Chemist: 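First the structure, which I've put down as structure tokens, then a few questions once you've had a look.
Everything quoted here is computed from the prediction, not taken from an experiment.
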Number of protein chains: 2
Amino acid sequence: MSYQPPVQDLMFCIKHLSHWDQVSALEVYSDYDLSDIGAVLDAYARFCSEQVAPLSYDGDTLGAQFDNGRVTLPDANMQAYARFVENGWQALTHPPEYGGMGLPRAVGAAAVEMLNAADMSFGLCPLLTDGAIEALLLTGSQDQKATYLEPLIAGRWSGTMNLTEPQAGSDLGRVTTKAVLREGGSYGISGTKIFITYGAHDLTENIIHLVLARTPDAPAGPKGLSLFIVPQTMVEPDGTLGARNSVNCVSIEHKLGVRASPTAILEYDDATGFLIGEENCGLEYMFIMMNAARFSVGVQGIATSDRAYQRALAYARDRVQSRPVNGQSKDAAAIIEHPDVRRMLLRMRSLTEGGRAMATATAGLLDIAHHQNDPQMAALAEFMVPLVKGFCTERSVEVASLGVQIHGGMGFIEETGAAQHYRDARILPIYEGTTAIQANDLLGRKVMRDGGETARLFAARIAQTEAQLATGDATLQAIGASLTQARGTFEAALDWMLDNSRRDIDAAFAGSVPFLMLAGTLAAGWKLAKGAIAAQEARDAGEDTPFMAQKIATALFFAQHIFPDCAAEHTRILHGSRSLLDADFPE
Amino acid sequence: MSYQPPVQDLMFCIKHLSHWDQVSALEVYSDYDLSDIGAVLDAYARFCSEQVAPLSYDGDTLGAQFDNGRVTLPDANMQAYARFVENGWQALTHPPEYGGMGLPRAVGAAAVEMLNAADMSFGLCPLLTDGAIEALLLTGSQDQKATYLEPLIAGRWSGTMNLTEPQAGSDLGRVTTKAVLREGGSYGISGTKIFITYGAHDLTENIIHLVLARTPDAPAGPKGLSLFIVPQTMVEPDGTLGARNSVNCVSIEHKLGVRASPTAILEYDDATGFLIGEENCGLEYMFIMMNAARFSVGVQGIATSDRAYQRALAYARDRVQSRPVNGQSKDAAAIIEHPDVRRMLLRMRSLTEGGRAMATATAGLLDIAHHQNDPQMAALAEFMVPLVKGFCTERSVEVASLGVQIHGGMGFIEETGAAQHYRDARILPIYEGTTAIQANDLLGRKVMRDGGETARLFAARIAQTEAQLATGDATLQAIGASLTQARGTFEAALDWMLDNSRRDIDAAFAGSVPFLMLAGTLAAGWKLAKGAIAAQEARDAGEDTPFMAQKIATALFFAQHIFPDCAAEHTRILHGSRSLLDADFPE
């Protein structure tokens with residue numbers, strides 16, 4: 001089963017949902033029009049489907065290997081990564097002054113989706129490198145940028161994020177890795193970091209670790225963390241590589257999924273590190289970088305969902321089994337004809353395309369906010385990031401599970417490939433902040449802190465789309481009616497949350513994940529509804545293609561099959577907090 | 001992490017939910033009272049936790065091995081199975097005349113749960129043997145019973161079900177394995193069977209395959225199938241073992257989960273088979289046996305859920321991370337204190353205990369129906385079987401997934417053990433009839449065929465419980481109010497289904513799985529509510545224990561957090577059929 005990159009839908013989303021008129025008007029993107037972007041995505045799609053997708057199954061089977069401190073990846077992965085570097089694909093969204101192509105974030109998101117759909121293990125390395133580049137761009141010194149950015153953007157070096165320690169997972173305040181200032185201005189870094197994605201591997205000449213650590217007299221807790229650059233191999237003043245730094249891989253994890261992506265335990269033994277920005281500001285810098293990484297992990301959810309969907313769709317077309325339930329034929333039919341298989345496929349498709357629509361829209365907002373310095377856009381974009389991460393990753397587990405189900409018994413056999421998505425997807429609601437962390441971020445920082453202002457702006461924009469839908473045909477009106485209902489449950493839950501933020505904060509947080517899922521479901525369905533309007537406009541203008549009809553059908557299915565979850569989440573939030581908080585767990 | 005068999009809750013369910021007054025009044029069970037049953041379950045629990053649970057992780061890692069036609073299991077599995085036979089545990093529910101202990105089905109279900117919670121791979125062998133015993137008891141000749149039942153019930157031989165072929169999965173009418181009558185009355189069986197659980201292994205002296213095949217002049221389709229006994233090794237007239245039969249294991253599957261349970265491809269090459277009952281009645285016999293197997297697979301769902309819950313609970317008590325969200329303490333807390341972790345744990349617990357409650361009730365109904373020949377009880381029991389299978393297995397995937405989530409990054413590491421449940425659970429909604437097959441069975445055979453009579457009886461019995469709840473305290477009344485709402489959505493969906501069974505059968509089947517999940521959720525919550533009434537009565541009578549308080553709290557949580565799904569399923573059924581049936585899947 002080959003991977004078919006969804007370039008048509010990605011371009012549809014960029015054109016109609018990424019706020020393209022505003023994004024393309026930004027000075028920084030003035031060099032590109034939609035046809036340029038289409039050409040880039042076509043080329044990237046070919047790379048993903050031809051060079052990466054074929055290595056996915058074997059990569060998972062062989063896995064990353066650890067031997068005496070050295071981590072190796074399968075040969076096919078090495079070769080594909082070498083081509084990735086040759087083609088300069090790491091450069092897509094990064095600034096031209098360091099060798100980047102300077103493309104909008106929505107294009108970057110499309111690329112992240114395709115690469116991770118082709119193989120999530122492979123896609124993780126560039127994803128982490130993107131994060132390191134972003135952090136250095138925003139917080140590095142001129143010298144640091146000059147030293148590290150060009151090789152990272154070229155893909156010759158890769159980047160990592162070193163946060164977690166055995167006693168410090170979600171709770172970074174518990175980080176104990178030490179950083180001691182040396183003469184000359186560098187720091188000696190000592191400690192153990194775990195769960196370091198691509199923390200050790202042989203794909204690149206060097207690995208640039210970004211490490212959270214604590215100076216000797218730093219305050220306790222999260223406000224005493226500083227961020228350091230710790231190169232695996234030291235970089236000489238002329239840019240050539242020098243001696244190995246004293247950071248060593250102790251072992252790699254034996255994981256449920258993404259097995260061709262090494263997850264390292266790293267031991268720092270007075271390794272040489274360089275402070276980024278100021279001491280004790282590390283967590284703040286990390287958060288900047290984490291917003292980008294969280295968004296990308298949400299996109300990984302879309303990626304895995306789409307690959308699982310494509311695989312299930314191909315199987316459902318091919319597999320002939322059982323007569324139609326309506327008794328109209330004595331012949332067995334392809335299972336895609338059976339209503340419940342259609343139901344599962346349409347759930348998969350609508351959740352995938354809904355996620356893609358909301359992620360593309362969010363990418364556009366992030367660009368506008370960043371380059372126009374628009375605080376309202378920034379607030380909206382930051383409101384959307386936990387929705388993209390939380391909704392797209394939680395739903396990817398469901399979508400991958402449906403993908404196995406559609407295959408029946410064959411789905412449980414590893415060689416079929418459906419099970420790999422089910423295994424891979426499971427990390428997505430966990431890393432870069434669990435769903436609960438996203439929900440706390442949404443509720444605490446992005447809803448309560450501004451008294452619900454951004455959340456109300458979000459709802460008001462949805463109401464505008466409803467007004468547009470109301471002037472459309474019966475299908476658009478039906479989508480609009482469901483959207484209105486779903487928005488109503490969101491606003492009622494929002495009022496309840498704001499009210500409880502003052503009088504029963506535990507009750508509010510007892511509903512944080514249901515609230516996140518309600519808002520995420522609403523956002524995805526809203527963007528699909530906007531897409532349906534655009535598709536109908538295209539049809540009215542003569543572009544009456546199966547693709548456009550499908551965009552409308554998918555939005556309608558989402559409205560009628562996924563939106564009902566909003567009311568259920570609303571009920572749980574409003575009526576479920578006491579039963580949750582009062583229950584006991586006797587030994 | 002050790003397994004704690006939930007004997008207290010199992011006994012609570014048997015006493016209060018298995019219709020114990022009626023079951024214990026049956027002649028066939030007159031030898032046993034509740035204290036006898038408690039003693040049996042205590043001993044079985046010890047076997048499961050001490051002998052089986054410890055082998056689960058290594059068994060999964062080592063897996064079943066295939067070498068040149070021979071399948072071997074890890075030594076620890078061999079030894080534990082030998083003890084299983086020594087203790088006579090296969091005999092629990094089978095008739096004393098063949099060496100069985102003749103215990104009620106609810107006790108059998110409790111045993112199936114504990115064994116499969118300890119290790120699902122291990123539990124599958126006795127589960128399949130139970131199915132073969134059941135089939136022989138109901139349809140075998142006196143001679144066949146005399147030959148095969150005693151060693152099967154002793155556990156010295158095991159049984160298998162041979163249905164599936166590469167082209168015949170859910171669609172058994174496509175089976176092509178041939179059975180040719182020979183002189184002397186035996187048949188020559190030739191063909192290939194796939195997905196045969198424990199189709200080849202070295203745990204027992206012999207394996208008794210029950211095989212669906214087609215005689216040369218049988219009608220096409222499902223009505224031309226006959227059922228045959230094909231022993232792996234021939235049985236001499238004196239009961240000793242003779243020559244190997246010509247059935248060979250070609251290979252075993254490389255699976256997502258239950259890896260210590262061999263899934264064989266068997267090649268029958270003119271193997272000697274013995275007809276069971278009459279020619280062309282094989283599917284009917286298979287269905288008798290499948291009802292029992294489907295029920296047991298539902299119980300496997302409860303088993304996996306409970307094990308996943310216990311593991312997550314232990315971790316959540318142990319793992320200290322992050323301050324409470326209410327800001328009342330500066331110290332990090334055990335994660336069980338965090339509201340969203342509580343939410344996940346309570347979802348796991350309420351879904352697990354809800355499944356256990358409904359399964360125990362169904363086991364009682366099956367006994368009453370069988371031994372009293374009561375058609376109304378039989379209809380109710382048969383209505384419940386697809387709910388137990390569908391609801392408990394679909395929810396087990398969700399519960400196992402939440403178990404991984406509670407562990408955070410550690411959940412993705414195989415050594416933690418949470419991932420194994422997530423992998424194991426995934427087969428449950430597939431084998432012994434997918435969820436869609438269960439839903440079609442429910443809707444077609446158990447709702448539409450009798451014009452909704454049994455479904456209305458089900459609803460009427462729920463209304464009786466609501467009346468009882470209305471006379472209770474505020475908590476019981478709150479549970480009752482949610483139960484009334486959930487029943488309302490079921491009855492509305494039922495009316496719609498019956499109406500559409502006449503005018504738009506495709507629309508009805510488009511909602512079959514949502515209808516199954518609605519009914520299953522209702523049934524589980526109903527039985528928890530009945531349990532809450534019994535628990536309150538126990539408290540009122542002076543048994544005011546943490547266990548009884550927990551039973552009530554769990555029922556309330558289910559009512560407020562799980563019942564809201566009923567309304568969502570109802571909306572999907574009533575308003576989602578056209579968007580499902582009309583959507584296209586363009587190339």
Side-chain angles (χ1 to χ4, degrees), chain A residues 169-171 195 253-256 313 321-322 325-326 332 336 339-340 342-343 346 397 401 404-405 408-409 412-415 419 422 426-427 429-431 434 436 439-440 505-506 509-510 512-513 546-547 549-550 553 556-557 560-561 564-565 567-568 571-572 575-576 579-580 583-586, chain B residues 169-171 195 253-256 313 321-322 325-326 332 336 339-340 342-343 346 397 401 404-405 408-409 411-415 419 422 426-427 429-431 434 436 439-440 505-506 509-510 512-513 546 549-550 553 556-557 560-561 564-565 567-568 571-572 575-576 579-580 583-586:
Chain A
S170 301
D171 190 359
F195 295 161
E253 304 290 357
H254 170 220
K255 303 193 303 288
L256 173 62
L313 178 61
Q321 198 80 173
S322 301
V325 282
N326 60 20
I336 197 171
D340 195 65
R342 296 173 68 82
R343 182 187 67 84
L346 287 165
V397 175
S401 182
V404 175
Q405 187 71 19
F412 204 62
I413 308 300
E414 285 286 1
E415 285 80 354
Y422 177 74
R426 197 65 203 71
I427 191 59
I430 294 174
Y431 66 17
T434 64
N440 290 351
I505 192 75
D506 279 320
F509 278 99
S512 62
V513 168
F547 173 82
Q550 178 184 326
L556 181 67
F557 183 89
Q560 297 186 337
H561 285 258
D565 291 340
T571 305
R572 283 187 264 273
H575 303 294
S579 62
L580 189 161
D584 244 339
F585 295 92
Chain B
S170 301
D171 190 359
F195 295 159
E253 304 290 357
H254 170 221
K255 305 194 300 290
L256 173 61
L313 178 61
Q321 199 79 173
S322 300
V325 282
N326 60 21
I336 197 171
D340 195 63
R342 297 173 68 83
R343 183 187 66 84
L346 287 164
V397 175
S401 182
V404 175
Q405 186 72 19
F412 204 62
I413 308 300
E414 285 286 0
E415 285 80 355
Y422 177 75
R426 197 63 201 73
I427 192 58
I430 294 173
Y431 67 15
T434 63
N440 290 350
I505 191 74
D506 279 320
F509 279 98
S512 62
V513 168
Q550 179 184 325
L556 181 67
F557 183 90
Q560 297 185 337
H561 284 258
D565 291 340
T571 305
R572 283 188 262 273
H575 304 294
S579 62
L580 190 162
D584 243 338
F585 296 92

Chemist: Looking at residues at least two apart in the chain, or sitting in another chain, which of them share a ring pair (Phe, Tyr, Trp, His ring centres under 6.0 Å) with A:F557?
Modeler: A:H561
Chemist: Would you call A:H254 and B:I413 a side-chain contact if the rule is heavy atoms closer than 4.5 Å?
Modeler: no
Chemist: Between B:R572 and A:D565, is a salt bridge (charged side-chain N to carboxylate O under 4.0 Å, His left out) present by the stated rule, with each step listed?
Modeler: CA-CA 10 Å; B:R572 283 188 262 273; A:D565 291 340; 3.2 Å; yes
Chemist: May I ask you to name which of A:E253, A:Q321, A:K255 has the most heavy-atom pairs under 4.5 Å with chain B?
Modeler: A:Q321
Chemist: Quick one: which of A:L346, A:L556, A:I505 has the most heavy-atom pairs under 4.5 Å with chain B, could you say?
Modeler: A:L346
Chemist: Pick whichever of A:I427, A:D340, A:V397 has the most heavy-atom pairs under 4.5 Å with chain B.
Modeler: A:I427
Chemist: What residues form a side-chain hydrogen bond (donor to acceptor under 3.5 Å, both in side chains) with A:T434, not counting sequence neighbours?
Modeler: none
Chemist: Less than 4.5 Å to any heavy atom of chain B: does that hold for the side chain of A:Y431, its backbone, both, or neither?
Modeler: neither
Chemist: So, for A:Y422 and B:Y422, is the gap between ring centers shorter than 6.0 Å?
Modeler: yes
Chemist: Do you know which two heavy atoms are closest between A:R342 and B:L580, and how far apart they sit?
Modeler: NE-O, 3.2 Å
Chemist: Give, for atom CZ of B:R426 and atom OG of B:S401, the distance between the pair rounded to the nearest 0.5 Å.
Modeler: 10.5 Å
Chemist: Select one option (side chain, backbone, both, neither) describing which atoms of B:A567 are under 4.5 Å from chain A's heavy atoms.
Modeler: neither
Chemist: With chain A, which of B:A332, B:P546, B:G409 has the greatest number of heavy-atom pairs at distances under 4.5 Å?
Modeler: B:G409
Chemist: Do you know which of B:A419, B:P429, B:G411, B:A553 has the most heavy-atom pairs under 4.5 Å to chain A?
Modeler: B:P429
Chemist: So which part of B:D584 gets closer than 4.5 Å to some heavy atom of chain A, the side chain, the backbone, both or neither?
Modeler: backbone
Chemist: Report yes if the side chains of A:P339 and A:V325 come closer than 4.5 Å at any heavy-atom pair, otherwise no.
Modeler: yes
Chemist: At a heavy-atom distance under 4.5 Å, which candidate from B:A549, B:A583, B:A510 has the highest pair count against chain A?
Modeler: B:A583
Chemist: Select, from B:Q550, B:E414, B:E415, the one with the greatest count of heavy-atom pairs under 4.5 Å involving chain A.
Modeler: B:E414
Chemist: Checking heavy atoms, do the side chain of B:L256, its backbone, both or neither come under 4.5 Å from chain A?
Modeler: both
Chemist: Looking at A:S322, A:A436, A:A568, A:A439, which one has more heavy-atom pairs under 4.5 Å with chain B than the rest?
Modeler: A:S322
Chemist: For a 4.5 angstrom cut-off between non-hydrogen side-chain atoms, does B:F585 reach A:I336?
Modeler: yes
Chemist: In terms of heavy-atom pairs under 4.5 Å with chain A, which of B:D506, B:N440, B:T571 leads?
Modeler: B:D506
